Structure formats: structure tokens, C-alpha cells
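Predicted model only: the values in this text are computed from it and were never measured.
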Amino acid sequence: MDASAIIDSLNDKQRLAVSAPNRATLVLAGAGSGKTRVLVHRIAWHLLINRLAPHNILAVTFTNKAANEMRGRLENLLGISVRAMWIGTFHGLAHRLLRQHAKQAKLPDAFQVMDSDDQLRIIKRLLKNMNLDEEKWPPKQVQWFINGHKEEGHRARHLPEPGDPFQRQMRAIYLAYEEFCDRSGLVDFAELLLRAHETLRDNADLLQFYRQRFQQVLVDEFQDTNTVQYAWLRLLTEESNNLFIVGDDDQSIYGWRGAKVENLHHFQRHYPDHQVIRLEQNYRSTGHILSAANHLIANNENRLGKELWTEAKDGEPLAVYAAFNEQDEAYFAVEKIKQWISDGGLRSETAILYRSNAQSRQFEERLMTVGMPYRVYGGLRFFERQEIKNALAYLRLAANRGDDASFERIVNTPTRGLGVKTLDDLRNLARAQNCSLWQAAQLTAAQTQGSSRGLNALKAFLKLIEDLAALQANETLGDIVKYTIEHSGLLDYYRQEKQERGEARAENLSELINAAKSFDAADNPQNLGLLDLFLAHAALEAGEAQGQSEQDCVQLMTLHAAKGLEFKLVFIVGLEDGLFPAQSALLDPGRLQEERRLCYVGLTRAMQKLYLSYAESRRLYGKETFPRPSRFIREIPPHLLQEIRLRGQIDRPTAPAPTFAAGSPTRPSGSFRIGQTVRHAKFGEGVVLQCEGSGAQERVQVNFRDTGLKWLIVVLAKLEG
DNA sequence: GGTAAACACCTTTTT
DNA sequence: GGTGTTTACC
């Protein structure tokens, strides 16, 4: 394979990026401009043209999916395996680093990774220990505080002692949390990043080693990096300047969880010699869709600047549908999808995108009634299910008796007569002795006289865990997991649980056994315990929400989840001020801009046809609301939009949307129908929402497009309609 | 220890 | 309004 094979299939800008000289490079890659392609080909270029070995390259992504895709495409392009190459997520790579250098990282060899759920449990336990009221110190907020500081690179001891008593207490909790994690050998997600950074920073020889090893560092979705992630990258590349980043400031939608778009600006300052390459040719969408997206995003400030273009045709205008209410909106979308199918399209080519998960319900119900298969993204993933987490907790406790979090989780699951009383005694003893719950349990079992129910149960539990631990020394991973699930009593416990749910859980448990049997740690070649790696894998890669759904189905997801995907037919629904943009963003210019970028991401998912919809009336938290159409619709030039009606003044033929009957009944006797479009001399155009009274008392409530809700006396208002 | 009633919550989410 | 979680009671 030679250079031409890497270069030929690319456009000029992509070539420029792939063959760029070895110095800091920023590729501003617009949506659908082939950014993964550039990354993959750039790596191939290093291997074939610059003669680098695979282990000289570090490629970082945010999700496992992106990492897997990159590796797959690379191997496809090169026709060889690139196992020696470090391709992975920030967290995965940090984990790998820490495992290999646990000593320098000041971590126990068998340290365990915990997910945010584990973290929250620990915080709750800690608050109880410290006698703090959860009302006053909400665990979620504590978690947010701790993670926020870790992502900024701050340890509790680095924080100045605040005067504010609330902050001071927060800091104290953070300190206690760190202490607990250290003692239990537990590492949370943010800790992986922070610890990896500190380890390199504080071990000169290690840093030198990796700086020499990673001659090229490539980063995907750079706009999503947080402070520590960027600091870590900088540490590795500030000498060589060989940092190749791909990103799009217009698609930065994770500011709320610590991502810093500013890192793009920092990069330009920290690497003064850098080059910038813009990928602006879009291969995904029609001209009209792109034009709409460009106009929308032009309303944002401080952009690095970029305008997408395409050689594709303009295509159809974007359709805008003003639904009567949320059910009507769902009805509309599903009708259009039915049409798409009958025109020969696939369900899997269509996606309904919404701002918040709660919105999926209406669409699911509608899809269900018409019997159309669909798939909702999001929700609990495999390794996050409680039965799985319980099974893992047994494995972890047996592997590491100091893991109090796991101890708490399973000591009485399935129930074995270890109630609140016994546990409280254990916790008190553990605190008094400053030891783990496990040690406290051992002490109790050894010292307490008699044979109360609780004591026997405790002894049995200790024995069980010891047995499981003995097993771990000798058996294969698959057998360890199998035996653990069976002998812990979990399998029986879930089997006898009510019907379907129990069955599903038992099934998941056997799926876990399968996963263990086929777990292949080849990607992590050190001679570390396979079980430890498996457990870390479970935390770092939570798996899919649903199993392989091979079926051709309509795709439902949040706009966030849609990033990186594309569909021929896209619906962006709930385009209402207060919903999208979200209520809390309306008054904050910074957050409003992020909402706009989210909308931009949504628009650019569509390849052929895009529907935008909003409801004129929506039930929100049990209350009827009359939102106004989203400002984002107004930011798209009218000539790109086409208003669609299924109903309205013309006629509403066969299908009165089911909800009209369910809502307030229309009054055939009155002069106006609900949903009817009317015109007022002063207020302009609007839609009738409610009618009441008759004759001189007849009043109608109208939602005017420009001025919002008004009640009008019919005989006075001179409404046309 | 398991169930029902009361209660809080209500963007977005990957690792 | 709907859901998930804590509390109260048997």
C-alpha cells in the first residue's frame, strides 16, 4: 500500500489534513465533513509514510463506540491488526496507564473502577456517617461538587478553606470521600483522569517514557474535552507539539458537564506554531438543510468560523408543523413515517429527536397503536442493571475485602436476615476501629457469644465470600462468575421474583456468565488479574441499553444522543421556547448558545428530509401550557421553510387526531373550532385553543403567533377565520 | 422484610 | 402527570 491509497479517496482539504506536517494541527471539521475519515487516514499516513510503529501513536475518543469504530476502520483500510496502538477513550486509556503504573499512581494493584451509581451510594453512606442531613447536603449536589473539582484538577486539600460554612462542609465531605476511596481501593471516573494526569506529572521518568513513545497524539471531538483531559494531552505533547485535534466548536453540547470549548482557544495559544484546517464540504445533507443550519448557527458569537457547503441539490424545504398539542405532534410524525415507508423507505432511516427523554412517551404510544417497531435510545445499560451490579459486587467483595461499597450492596441481597440492627452495629464498629466493614464483621463473628439469628447469618455470609474468594484463585473467569451467581443465591432470588421481570433478570445474569466466558483481555496484555480487568471493563463500558435489535425500526433519541449519527428522514420535535431551548437557558446567553448548537447538531443529522414541529398546547408536569414556537424556528430564513397542515382551515378529512375528543370538547354551536387558524386585525394570526359561552358572552382563547395567549369576546374581536 | 402510601422530582449523559 | 424513592406500617 502506498500514499495514493491513503490519499486518493479524499477531497483537497481532507488531504491537506491527512498529509499535514508534523506539528500541532487543528482540524475544524463541520458536521458530515468526514472527520473520522480524516483521523483514520491520518493514522495510516503516519504508519505508512512517516514509518511510525503502531505503538508510537495515541488516539483518543470520548466513547467506546467511537474508539471501536476508529480501530475497525483503520484495520479495514490497512488490512492489518493494530493491537499495539493505544486507541481508546480518555477514561479507558487513563485506566490502562494506572493499572500499569499502580505503584507510581499510589494505588493498590487491585484497585477497582466504580461508576457514578456506586459513587452516589458511597456519598450517601458517607453523609450518614458524618451525621449530615441529606436535605441540607443533597448527595447529587455533593457528587457534582466532587466531580466538578476533580475535572478542574482540584483535590480537596487544594481548595482554600472557604469562609462560607456550606462550602466548608462540602470541602470536608470531599476530603472524607477521598479518604474513603483510598482506603477501599476505589476509583471513580473523574479520578481516573485526575490520577492519570498527576501520575505523569509527578514521575519525570514515566513522563519522559511516554513522551518518547507517543510521537503522535490524535484527539477526536476535541471540543468536548474538560480541563484535566486537556492538561493531560498537553503534558504529553508540549515538547513535541505533535498534537492533532479534530473538533467542531459549533457542536459543543456538553458544556454543562464540564466540557470546555475554550480548550480550542487555549490550544491555539499554547501551540503557537499550529496550523488550522477547515473541513467545510458536507457529504450528508441537502442544500436547504445546510443553509438552514448555517443561518441558525450564525446567531452564535465567538465562533471559530466555518460555513458548510455541499455539491448536493437543494432538496425540499424544511417542513414546519404546528401541532395542536403533543399528541397531535406524535400523530403527525408517525403519519409522515408511514408515508415514508409506503414510499419504499426504511424505518431505520428515520429518527425522531427531542430535547428531553420524557418527550418520547407520546411518540412511543402512537407508534405502538399503529404497530410500528421502534427503538428508544437511552435508559439503563447492561452493566448498570441492578442484578448485574449485585453480581459484580459479590465478585468485587471477594476480590477485595476492603470494598465497603460492595459489602453494603450485597450483605443482605438476597435477604439473609441481616437487618438494620446488625448492620448498624457493624458500621459503628468499623468506624470505631477505623477498619473496613468486612473486618468489623469478622471481629463481630469471632467475639460475639451465642447464636442469634443475625450472628449466624453473618457467619454464613463471611463463609460464602471466603469460598468465592478461594474460587477466584483457581477457576476460569467464566466459572468464577457462574459459581458466584449461583452460590450467592442471586439466581434463585431473581427467579422467584414476579414473572416477567424476574425472568428477564435471571436471563441477564446468564448473559453475564456468557460475557465473562468470552471476555478477552487481549487489549490489555499485562499479566494482571483477568477478573480485575473484567470488573473494570464492566464499569468503563456499560454496554448497550438494549440487546441487538436487528429489526428495522424507527429511531427515537434525544438530540444529544444523536450527535455523530445521520438519518435520511429526521423529525425535530417540541421546538418551543421553554422546552427547546430549555427553560433554564432562556435567560442565560451562554446556555442559550449551547442550546442553539444542539439545534444545529439536530438539523445537520438530516440527509434528505427534515420536519420541525411544535405544539401550541402542551401538558407539562400535569399543567396545560401554551408555549410559543421556538426562536430557533424564527432564526431559519422563511424561504427555507414550508408550513405543513394536516388540519386547519382547509379541512380535516379522515382523522381527527385522537386527542381532540380527549381534551376539552369542541362546541359545534360556537363560531370557532378548536385548532382553527384565525386572524385578528391587531394581533395577527393565531390558533383557537378554547371556546366558551355563546352569543354576546362567547369568548375564545387564541394563541397568537406573535403576541401569545389572549381571551377575546367574539362579537367584539372581529376575528377572521 | 415486604408492601402500600406518601413524597419529591422534573434537561441533556459518557466514562 | 408520571415516575422513582423514601417512609410507615403490618
Side-chain angles (χ1 to χ4, degrees), chain A residues 60-67 88-95 113-120 124 134-135 138-140 143-144 147 150-151 187-194 196 221 224-226 228-229 252-259 326 353-362 365 377-381 383-384 386 412-422 453 457 493 496-498 536-545 557-564 574 578-586 588 591 594-595 597-599 601-602 618-625:
Chain A
V60 198
T61 64
F62 276 86
T63 65
N64 292 298
K65 198 171 146 214
T89 63
F90 276 102
H91 293 85
L93 295 169
H95 172 248
V113 182
M114 59 178 157
D115 65 18
S116 13
D117 184 64
D118 301 329
Q119 186 186 33
L120 193 64
K124 283 182 179 163
E134 287 197 4
E135 303 270 293
K140 279 266 170 58
Q143 186 177 29
W144 186 82
N147 291 338
K150 284 192 180 183
E151 280 162 10
V187 170
D188 62 49
F189 288 138
E191 182 72 28
L192 285 170
L193 303 175
L194 178 54
E221 305 275 21
D224 288 339
T225 50
N226 64 32
V228 213
Q229 285 163 339
S252 155
I253 55 174
Y254 287 109
W256 52 274
R257 67 170 195 218
E326 68 270 27
L353 309 181
Y354 35 78
R355 178 66 240 263
S356 73
N357 282 309
Q359 286 169 260
S360 76
R361 264 255 305 295
Q362 309 297 340
E365 279 171 13
Y377 285 74
L380 268 196
R381 279 113 41 96
F383 284 108
E384 291 167 353
Q386 68 153 42
N412 202 31
T413 311
T415 47
R416 48 172 68 86
L418 289 164
V420 189
K421 170 82 174 63
T422 319
R453 210 177 49 168
Y493 175 69
Q496 65 173 3
E497 212 183 36
K498 286 195 220 92
H537 165 84
L540 286 168
E541 198 160 344
E544 286 283 301
M557 66 190 85
T558 62
L559 285 140
H560 282 91
K563 191 163 90 150
L579 231 203
F580 188 29
Q583 188 64 44
S584 50
L586 288 179
D588 179 335
R591 296 176 63 183
E594 181 153 316
E595 296 283 309
R597 293 193 290 267
L598 188 57
C599 188
V601 166
R618 179 181 296 275
R619 252 192 135 64
L620 219 55
Y621 308 138
K623 271 207 200 64
E624 188 101 32
T625 62

Task: Nucleotide of dT14(B), dT11(B), dT13(B) approaching T63(A) most closely (side-chain heavy atoms) - done: dT14(B)
Task: Nucleotide dT11(B), atom C1' - distance to CG of L620(A) in whole Å - done: 11 Å
Task: H91(A) side chain, from C-beta outward: closest of dT15(B), dT12(B), dT13(B) - done: dT15(B)
Open item on the list: Roughly how many Å apart are dT13(B) and dG4(C), using the P atom of each and rounding to a whole number?
Closed with: 16 Å
Open item on the list: Are dT12(B) and W256(A) stacked, with the base six-membered ring and the side-chain ring centres under 5.5 Å apart and planes under 30°?
Closed with: yes
Open item on the list: What is the separation between atom NZ on K65(A) and atom P on dT13(B), rounded to the nearest whole Å?
Closed with: 13 Å
Task: Verdict with supporting geometry, E594(A) and R597(A), salt bridge (charged side-chain N to carboxylate O under 4.0 Å, His left out) - done: CA-CA 5 Å; E594(A) 181 153 316; R597(A) 293 193 290 267; 3.3 Å; yes
TODO: Using a heavy-atom cut-off of under 4.0 Å over every strand shown, decide if R619(A) touches base, sugar-phosphate, or nothing.
DONE: sugar-phosphate
Task: N357(A) side-chain N/O to dT13(B) phosphate OP1/OP2 under 4.0 Å - done: yes
Task: Check: E326(A) and L620(A) side chains under 4.5 Å, non-hydrogen atoms - done: no
TODO: Would you kindly compare E135(A) and R257(A) by the position of their nearest DNA chain B nucleotide and give the one closer to the 5′ end?
DONE: E135(A)
Task: Rounded P spacing from dT5(C) to dT12(B) in Å - done: 15 Å
TODO: Give K563(A) one of three labels, base, sugar-phosphate or nothing, depending on what nucleic acid heavy atoms sit under 4.0 Å from its own.
DONE: nothing
Open item on the list: Taking the nucleotide of DNA chain B with the nearest heavy atom to each, does T415(A) or A582(A) sit closer to the 5' end?
Closed with: T415(A)
- [ ] Find out whether V228(A) and K150(A) are in side-chain contact, i.e. whether some heavy atom of one side chain is under 4.5 Å from a heavy atom of the other.
- [x] no
Task: Side-chain heavy-atom pair Q229(A), F62(A) within 4.5 angstrom cut-off - done: yes
Open item on the list: By the 4.0 Å heavy-atom rule, please label D188(A) as base, sugar-phosphate, or nothing.
Closed with: nothing
Task: Of the listed nucleotides dT13(B), dT15(B), dT11(B), the one nearest the side chain of S584(A) - done: dT11(B)
- [ ] Provide, to the nearest angstrom, the distance between the CG atom belonging to D117(A) and the P atom belonging to dT14(B).
- [x] 14 Å
TODO: Take the protein atom OH of Y621(A) and the nucleotide atom C1' of dC9(B), then report the distance between them rounded to whole Å.
DONE: 9 Å
TODO: Kindly point out which of dT15(B), dT12(B), dT14(B) is positioned nearest to the side chain of S116(A)?
DONE: dT15(B)
TODO: Provide, to the nearest angstrom, the distance between the CD atom belonging to E191(A) and the P atom belonging to dT14(B).
DONE: 22 Å
TODO: Check whether any side-chain N or O of E384(A) sits under 3.5 Å from a backbone N or O of R381(A) as a donor-acceptor pair, and report yes or no.
DONE: yes
Open item on the list: Using a 4.0 Å heavy-atom cut-off, does E595(A) contact any base of the nucleic acid, only the sugar-phosphate backbone, or nothing at all?
Closed with: base
- [ ] Go through dT6(C), dT11(B), dG2(C) for me and flag the one nearest to the R361(A) side chain.
- [x] dG2(C)
Open item on the list: Looking at dT13(B), I'd like to know if its phosphate oxygens (OP1 or OP2) sit under 4.0 Å from a side-chain N or O belonging to T558(A).
Closed with: yes
TODO: For dG1(B), take OP1 and OP2 only and decide whether either is under 4.0 Å from a side-chain N or O of K421(A).
DONE: no
Open item on the list: Side chains of R355(A) and T558(A), heavy atoms from C-beta outward: is any pair under 4.5 Å?
Closed with: no
TODO: Would you mind telling me which of dT13(B), dT15(B), dT3(C) lies closest to the side-chain atoms of R381(A)?
DONE: dT15(B)
Open item on the list: Going by the glycosidic torsion and a 90 degree boundary from 0, is the base of dT11(B) oriented syn or anti?
Closed with: syn
Task: Distance, rounded to the nearest Å, where Y254(A) contributes OH and dT15(B) contributes P - done: 10 Å
- [ ] To the nearest Å, give me how far apart NZ (K140(A)) and C1' (dG4(C)) are.
- [x] 10 Å
Open item on the list: Taking only side-chain N and O atoms of N64(A), does any of them lie within less than 4.0 angstrom of OP1 or OP2 on dT14(B)?
Closed with: no
TODO: Report yes if the side chains of F383(A) and E541(A) come closer than 4.5 Å at any heavy-atom pair, otherwise no.
DONE: no
- [ ] Please state how far atom CZ in R597(A) lies from atom C1' in dT12(B), giving the value in whole angstrom units.
- [x] 13 Å
